[in-house]
Number of protein chains: 2
Amino acid sequence: MAIAERGARPARVKDVARLAGVSVGTVSNVLNGRRSVGEEVRERVEAAIEELGFVRNATGRALRTGSFPMVGVSVLDLTNPFFMEAAAGMDRRLRQDGFVMALSSTHSDAGEEARTLRTFAGQGVRGVVVSPTDTDLAVAHEIAARGVPVVLFDSPAAPDDMSSILADDRAGAAMAVEHLIGLGHRRILFLNGPEHQRQSRSRLAGVHDGIARSGEEISLSVEELGSFTAMEGRAGVRRLLVGCGLAAPMGTDGISVPARPLTVEGLPEELPTAIFCANDLIAFGAMTALRDAGIRIPEDVSLVGFDDIEMAAQMSVPLTTIAQPTDELGWVAADMLLTEPVTVRHETLMPTLVRRRSTAAPRG
Amino acid sequence: MAIAERGARPARVKDVARLAGVSVGTVSNVLNGRRSVGEEVRERVEAAIEELGFVRNATGRALRTGSFPMVGVSVLDLTNPFFMEAAAGMDRRLRQDGFVMALSSTHSDAGEEARTLRTFAGQGVRGVVVSPTDTDLAVAHEIAARGVPVVLFDSPAAPDDMSSILADDRAGAAMAVEHLIGLGHRRILFLNGPEHQRQSRSRLAGVHDGIARSGEEISLSVEELGSFTAMEGRAGVRRLLVGCGLAAPMGTDGISVPARPLTVEGLPEELPTAIFCANDLIAFGAMTALRDAGIRIPEDVSLVGFDDIEMAAQMSVPLTTIAQPTDELGWVAADMLLTEPVTVRHETLMPTLVRRRSTAAPRG
DNA sequence: CTGAAAGCGCTTACAG
DNA sequence: CTGAAAGCGCTTACAG
């Protein structure tokens, strides 16, 4: 049996009006509290609504008012914990106003992003929050020009027709490096994400800031990974260890080779005493690779992440990291689209250092 | 400047019709390919659409056709990797048909779930997929009766007005236990989720199936955790270790106390040789706690998870686990709502064992 | 093959 | 304070 055939036709304003003995305009007025309605009439209408189980049809309303109670959210990857924690914050804010969150993943593909944004616009969303694939904001500008408010998420301010919100990555990265330098580290590796992503560039700048500000002589090496993932972090550290003769090359099956036993005295000079990872997922992979090689955290190598996703506190060595105010970032992004009048705004939130157990003074 | 004031008014069918010199009905016909339209006329209309950058307004369309190109998805927790990987599968299927996914988290609260479902229904969604909070499906039935197709996700078949899709948890759990018994394990701990969740009960039944089928004498202990999280898994193993005298109690700050050194001979008899965790997150926490105590995986204790979330392969010891066809589960759930005619269907998919490095023959 | 008209469910000036 | 009517953008019988 086809589902569509089931079920009683739901009640409409017209049905409510008839039952209450008033006009549909009056029903609408009590629904919206727009004009003063007589006490007695209001009660009759409310009783009718109750009796019929009437739920206002959002489509009809949207057609009239021009906007559907929905906000579109376009993210790069649905399975990225940082985005999802931010999405949870947006959801919280949107629910307050009875809005719905339309969520779609672009898989970092600009074409998919364009499709998604246009679909949202065609559906009369109240606004769109987009974590942009790259710096080409053409389609975002296009829908903004069509009157759809957009907020750029985790992205810097763009020319005046769109809002933006992000954490200060540069300052956060500087904090991480200053923390390490403060502990006494002088040989530091920065495992960065791909350079074409804005976050990578900002965090690298912050690393240099931190070093400059410390006034210390720091030996810094930077490795650019292909993505912000655990797999890349693991492979990156593995390459480093192979280079130092501390591990055999990765098996072709992608499963790492068991570590050789290792004594502390055996750690070569080239090995950094601290690794700063551009996000927690990279740090997670790095931790695995270090552990495979029998290198202890933080005794042999200190590790710092970025984001403070939920998992960070649960890792086998709880991770010291730069915490983004992730939930708040999401909440504010949604709020920018809901509080009237909707204007172009730019917000930068401050990250904070969260000390856990993966950092300590360097060995030796 | 308020954003709402910006931008040119977007083109409507009327504008296209005027430019092409035809009626709006004809424009609609070429848009929907419903009736044969003259070749020359079609070209004129298409040119006009192109020139005006016309995008069909989904709200007007929805009001007329009765359904908005959107599917509502209600999950228990937006930051749960299993749900998000499933949501990615739904998103993939929905995008194919230009549908949008409205995603909302109920935080396992029945009241929130009711609100979410009613909101979706009021928005004229094509259908709803819901991962139900508990066994009270009253509101799901309510919207089904109002004509909104619903599919129960990760939930068993309900009485005939709703579709359902899930993996066979019971069979999966049996596989896990049979794998361990096959390796020679006879003392097994099952770290289960809360008993009020259907998954926990099914997986426990599967554990018993596996033991019964093996014909071996197995010493099984079962510990029920408060939730399917890493934190709970970690705490559960920690309690076990404290009970065996292998670890100091957890510090009040929630940070575990450093492990005491431990020799293999020192492992007490009461310690299970294998732990089966009701999901990968629990296994992740268990791994951390074991590592803290200096217990090796798999040499001292074997560990099996459930779900095969992305992280499973990246853990410090890559996790042997029962893989749910998560993406497919999501894809099929969405497909059930999109392929016409929409009928009530029930699907059960089979999980599979994925062997990685966290299981081996027992010590001794 | 094409057009004119009705209508989906709601909100909002406009009269009264 | 309340009602009648117009109209948001589209689709679809119904005529021609």
Side-chain angles (χ1 to χ4, degrees), chain A residues 4 9-46 48-49 52-70 98 121-126 146-148, chain B residues 4 9-46 48-49 52-70 98 121-126 146-148:
Chain A
R9 178 179 156 288
R12 307 302 180 198
V13 277
K14 198 196 299 183
D15 307 309
V16 174
R18 193 180 312 122
L19 183 61
V22 298
S23 75
V24 295
T26 299
V27 173
S28 181
N29 284 333
V30 347
L31 247 21
N32 297 296
R34 285 190 58 80
R35 287 194 301 187
S36 33
V37 177
E39 191 55 40
E40 195 261 344
V41 170
R42 147 171 289 115
E43 275 164 17
R44 272 199 341 256
V45 171
E46 278 164 355
I49 287 173
L52 296 173
F54 169 75
V55 187
R56 149 135 115 298
N57 178 308
T59 307
R61 179 165 215 228
L63 187 56
R64 182 61 223 232
T65 63
S67 122
F68 199 76
M70 174 162 88
Q123 295 190 154
V125 295
R126 169 63 163 275
R146 277 168 61 186
V148 180
Chain B
R9 179 181 156 289
R12 305 306 179 195
V13 276
K14 198 196 299 182
D15 306 309
V16 175
R18 191 180 314 123
L19 184 59
V22 297
S23 74
V24 295
T26 299
V27 172
S28 181
N29 285 332
V30 347
L31 246 22
N32 297 297
R34 286 188 60 78
R35 287 192 302 186
S36 33
V37 177
E39 190 54 40
E40 195 261 343
V41 171
R42 146 170 292 114
E43 275 164 18
R44 267 191 357 246
V45 170
E46 279 165 354
I49 287 174
L52 296 172
F54 169 76
V55 186
R56 147 136 120 296
N57 177 311
T59 306
R61 179 165 214 226
L63 187 57
R64 181 62 222 235
T65 63
S67 122
F68 198 76
M70 173 163 87
Q123 296 190 154
V125 294
R126 168 65 163 275
R146 276 168 65 186
V148 180

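So that the names make sense, note that chain A is the first sequence line, chain B the second, and so on, each numbered from 1. Reckoned from all heavy atoms, side chains included, excluding hydrogens, waters and symmetry mates.
Considering only side-chain N and O atoms, A/N32 lies under 4.0 angstrom from the phosphate OP1 or OP2 of C/dT11. Neither OP1 nor OP2 of C/dG9 sits under 4.0 Å from any side-chain N or O of A/R61. A sub-4.0 Å separation between OP1 or OP2 of C/dG3 and a side-chain N or O of B/T26 is present.
For A/R146 and D/dG9, the CZ to C1' distance is 14 Å, given to the nearest whole Å. The distance from atom CZ of B/R56 to atom C1' of D/dT12 is 14 Å, rounded to the nearest whole Å. For A/R18 and D/dA4, the CZ to P distance is 14 Å, given to the nearest whole Å. Taking atom CZ of residue B/F68 and atom C1' of nucleotide C/dG9, one finds them 14 Å apart after rounding to whole Å. A straight line from CD of A/E43 to P of D/dC1 spans 15 Å, rounded to a whole angstrom. Protein atom CG of A/N29 is 9 Å distant from nucleotide atom P of C/dT11, rounded to whole Å. Rounded to whole angstrom, the span from the CZ atom of A/R42 across to the C1' atom of D/dC1 amounts to 12 Å. As a whole-Å value, the separation of A/E39 CD from D/dC1 P is 11 Å.
Stem analysis of DNA chain D (Watson-Crick or G-U pairs, both distances under 3.5 Å, runs of at least three) returns C:1-3 with D:14-16, C:5-12 with D:5-12, C:14-16 with D:1-3.
In plain terms, the two heavy atoms of A/A20 and A/A48 that are nearest each other are CB-CB, 4.0 Å. Taking each heavy atom of A/A121 and A/R146 in turn, the nearest pair found is CB-NH2, 3.8 Å.
Contact annotation: the side chain of B/T26 never approaches that of B/R42 to less than 4.5 Å [non-hydrogen atoms, C-beta and beyond].
For A/I49, the side-chain contact (heavy atoms from CB on, under 4.5 Å) criterion is met by A/V16, A/L31, A/V45, A/F54, not counting sequence neighbours. Listed by chain and number, the residues in a salt bridge (Lys or Arg N to Asp or Glu O under 4.0 Å) with B/E43 amount to none (sequence neighbours excluded). Residues meeting the side chain to side chain donor-acceptor pair (under 3.5 Å) test with A/E40, sequence neighbours left out: A/R44.
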Tabulated below should be each protein N or O lying under 3.5 Å from an N or O of nucleotides 5-8 of chain C; please produce it.
| residue | atom | partner | partner atom | Å |
| --- | --- | --- | --- | --- |
| C/dC8 | O2 | B/R64 | N | 3.3 |

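Residue pairs meeting the salt bridge (charged side-chain N to carboxylate O under 4.0 Å, His left out) criterion with at least one member in residues 10-28 of chain A, sequence neighbours excluded: A/R9-A/D15, A/D15-A/R18. Listed by first then second residue, pairs satisfying side chain to side chain donor-acceptor pair (under 3.5 Å) with a partner in residues 57-66 of chain B read B/N32-B/R61, not counting sequence neighbours.
Here the straight-line distance linking atom CE of B/M70 with atom CZ of B/R126 works out to 13.0 Å at 0.5 Å rounding.
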